[in-house]
Amino acid sequence: MAMLLKRPIGTLVNGLRSVGGGGSGNRNGGSTPLLPDGAYTGQPSGTTGPDGTTRQTLTIVFLCILWYVVSSSNNVIGKMILSEFPYPMTVTMIQLTSITVYSGPFFNLWGVRKYVDISWRYYFSFIVPLALGKFLASVTSHISIWKVPVSYAHTVKATMPLFTVILSRVIMRERQTKTVYLSLVPIIVGVGIATLTELSFDVVGLISALIATMGFSLQNIFSKKVLKETGVHHLRLLHILGRLALFMFLPVWIYVDMFNVMKHPSIVTGDYRVIALLFTDGVLNWLQNILAFSVLSLVTPLTYAVASASKRIFVIAISLFVLGNPVTWVNVLGMLVAILGVLCYNRAKYFARRQETLLPYTYSAKEPGSSKSSGPSTVTSNGNGRRYPYAPLHTNGGVSMPENVLLANGTASGIATTMAHGGGAPTIPISASSNVNVPTSSNGRLLFV
C-alpha cells in the first residue's frame, strides 16, 4: 500500500515544491513567498516567466479554498460532537492521536526532512512548553465551542493581535508603532459589540475562548523562534508537538475523562454516528494543520494573516448557515468590525516592518560649515554617532562621484562612475552600519563613502 501511494504523493509534493520554490536544502523551507501584489521576491527554481507566477498563484488559491472548507467542516463537526458528547479533553486527545499516528508515515512518504539536532536543554526550555501550550489551547478552544456558538467563539479569537502585541511587549520587549496600536481599537470595539449582543452568551465560553486565543498567540511567538533557531521543518515541529502533548497528557486524560467516557450512552450502546464524527474530526484537524502550514510556507506573513482573517469570516458564515444559531444584525456588525480590525492590524504591522528595515532613499542634508544643501547626497547615522554620506545612482541629473567610494556590490567607484549618469532603476535600500557587510546587488544601486 505504501509503495502504491509513494509515487503519486511524491509527484504531488514535488510539484508543490517546484511551484513554491521549496526544497529540503533550504533551512527555512526554501519557499519563495509571494508579495501582497502577487510579485515574486525572487525567481524560484523550476519556474520561469509568467507561467511560474500563474502556477504558484493558482496553487495558493487552491490551498486556501481547501483550507477554508476543511477548517469550516472541522468547526461544524466539532460543535456537533460536543453538543452530544460533552468531553472537550477527549476530543483534544483524539486530535493529538491523529497528528501522532498519521504524520509519521505520511511525512516520510512526502519526503519531509528529518529532525535536526536539538539539545536537551533547548528541548525542555522551548519544545515542552510549546506542547503544553498546544494541549491547553486546544482544550480551552473546544470548551468555548461547546459553550458558545462557533461564530461567537471565532469572533473572540479575532482578539489574537491584541494578545500578540501585549505578549511580545512583555516577553520579547518589542515596541509597536502608533498605527499598530490604533488598529487594535476596532478589534476591541467589534468583539465588545458582538459580546453585548450575543443571544447565547456564556461566561465560561468567553473566558475559555480568551484563554485559547492567548495560548495560540504564545504558540505563534515561540514557534517562530524555534523554527528560526533550529531550522526544523514546520511539519516536523507539528508532529513533535502533537506526539509530545499526547504522551504528556494521556495519564491526565485517563484519570479525568476515560471512565466517564466509557459510561456515556454513545459508547455503551455503540453509537457509530458519534464514533464516526470523532474519527472525522481528528482527520480534518490534522489536514487543517497541514494546509495552514503549507499556505504559510508559500506566502508572506502579511498574505497569510489576510488569508487567516478571510478564513475566519468563512468559518463564521458557514457556521451561521449550517448550524443556524440565532444572531442579530448588530451582532453581525460587531463580528465584521472585529475582522476589519484584524485586517487593519495586519496592514499596519506590514508597513511597520518595512519602516524598520528600509533606509530612506534621499533627503537633503547640509554639509558641515555650509548653509546650502548637499543636493542628492544624503547623510545617515549608524546609531553610534558616526555619519555616512551616500548618493543614489538614479537621480535625474546624475551624481558626481568621488574616487574614494565603495559600491554596495564591492566594485570600485571608477568602474561605476558612468552608471551614475544613466540611472533609471530604483535605489535598493539597505540598512546602514559601520561596516559594509550588507546584501549585495549586481547592479550596485547604492554607494557608501
Side-chain angles (χ1 to χ4, degrees), residues 1 70-106 127-150 152-154 157 200 202-213 215-216 219 238-290 315 319 322-323 325:
M1 184 67 180
V70 170
S71 180
S72 301
S73 304
N74 186 215
N75 280 273
V76 170
I77 290 177
K79 181 65 175 180
M80 294 170 61
I81 292 173
L82 292 169
S83 298
E84 302 181 21
F85 188 78
Y87 298 103
M89 182 175 288
T90 300
V91 176
T92 300
M93 293 301 293
I94 290 176
Q95 292 182 352
L96 294 177
T97 303
S98 299
I99 294 175
T100 303
V101 173
Y102 303 147
S103 294
F106 276 90
I127 305 298
V128 172
L130 269 175
L132 173 63
K134 181 175 181 59
F135 177 82
L136 294 178
S138 298
V139 170
T140 51
S141 177
H142 286 121
I143 293 175
S144 67
I145 294 177
W146 172 35
K147 292 292 185 179
V148 297
V150 175
Y152 177 66
H154 275 268
K157 289 179 182 179
S200 305
D202 185 89
V203 177
V204 176
L206 172 62
I207 295 175
S208 299
L210 290 174
I211 294 175
T213 305
F216 288 130
Q219 283 188 69
L238 170 66
H239 186 201
I240 294 172
L241 296 180
R243 184 180 58 184
L244 181 59
L246 173 65
F247 288 109
M248 284 173 59
F249 290 96
L250 188 59
V252 178
W253 172 78
I254 293 174
Y255 178 77
V256 174
D257 254 12
M258 189 183 77
F259 298 104
N260 294 327
V261 168
M262 298 303 295
K263 297 176 183 178
H264 192 270
S266 300
I267 304 299
V268 173
T269 60
D271 188 352
Y272 293 103
R273 179 175 178 274
V274 173
I275 297 175
L277 287 175
L278 287 170
F279 173 78
T280 306
D281 181 73
V283 174
L284 289 177
N285 180 263
W286 177 67
L287 289 176
Q288 177 185 336
N289 280 279
I290 289 180
V315 171
S319 66
V322 175
L323 299 176
N325 58 286

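Keep in mind that this is a model prediction, so the values were computed, not measured.
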side-chain contact (heavy atoms from CB on, under 4.5 Å), that's the test. Do Q288 and Q95 meet it? Break it down for me. CA-CA 11 Å; Q288 177 185 336; Q95 292 182 352; over 6 Å; no
Passes side-chain contact (heavy atoms from CB on, under 4.5 Å), L206 versus V148? Steps please. CA-CA 8 Å; L206 172 62; V148 297; 5.9 Å; no
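Looking only at distances, no side-chain donor or acceptor of K263 sits under 3.5 Å from a matching main-chain atom of V268. Using modelled atom types, one side-chain atom of T140 and one backbone atom of A137 make a donor-acceptor pair closer than 3.5 Å. Looking at D281, its side chain never comes within 3.5 Å of a backbone N or O of L277 through a donor-acceptor pair.
Within the 4.5 Å cutoff, the side chain of V101 has no heavy atoms near those of the W286 side chain. Contact check for I99 versus N285: side-chain heavy atoms found under the 4.5 Å cut-off. No side-chain heavy atom of K134 sits under 4.5 Å from any side-chain heavy atom of L130. Put simply, the side chain of F279 does not reach to within 4.5 Å of the side chain of I94, judged on heavy atoms.
When all heavy atoms of K157 and S141 are compared, the closest pair comes out as NZ-OG, 2.7 Å. F135 approaches M89 most closely through the heavy-atom pair CZ-CG, 4.1 Å. Nearest heavy-atom pair, G205 versus S144, reported as atom, atom and distance to 0.1 Å: O-CB, 3.5 Å. Heavy-atom minimum distance, K79 versus V150: CB-CG2, 3.8 Å. Minimum heavy-atom separation, S319 to N325: O-OD1, 3.9 Å.
Rounding to the nearest 0.5 Å places OG of S208 at 8.5 Å from NZ of K147. Here OG1 of T97 is found 8.0 Å from CH2 of W253. Values are rounded to the nearest 0.5 Å. A distance of 7.0 Å separates CG in L278 from CD1 in I267, rounded to the nearest 0.5 Å. Note that CG of N75 is 10.0 Å distant from CG of L284, once rounded to the nearest 0.5 Å. Going from atom CZ of F249 over to atom CG of D257 covers 13.5 Å, rounded to the nearest 0.5 Å. In this structure, L246 CG and L241 CG are separated by 12.5 Å, a value rounded to the nearest 0.5 Å.
Every ring-ring contact (aromatic ring centres under 6.0 Å, His included) that F85 has, sequence neighbours left out, goes to Y87, H264.
Between I143 and the options P86, S138, P88, a side chain to side chain contact (heavy atoms under 4.5 Å, CB included) holds for only P88.
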